[in-house]
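Single-structure report; data block below.
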Amino acid sequence: MRKSISIIILFMSLAFTMSMNSCRETKEDKVEDAIEDVKDGVEEAGDEIEDAADKVGDKIEEVTDDDPQ
């Protein structure tokens, strides 16, 4: 009887340990995905800022080229 109780407790401990590890991996995966999303968003914002700066530079050149001073 004691052997079966020990085996059941051992099995439950193993199941609990495995469930905790799998949760941790899932959280790590979610964090990595969130970091990638933020990284992609920052890159897109940087590209948009660069494009806007190019447009402003082009407009400034147009204005200065058209003005005969």
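The first residue of the sequence shown is numbered 1, and numbering continues consecutively from there. Only heavy atoms go into these numbers, but all of them, side chains included; no hydrogens, no water, no symmetry mates.
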Could you measure the distance from the [atom1] atom of [X] to the [atom2] atom of [Y]? Nearest 0.5 Å is fine.
X: K39; Y: E43; atom1: NZ; atom2: CD; result: 5.5 Å
X: K55; Y: D58; atom1: NZ; atom2: CG; result: 9.5 Å
X: S6; Y: L10; atom1: OG; atom2: CG; result: 8.5 Å

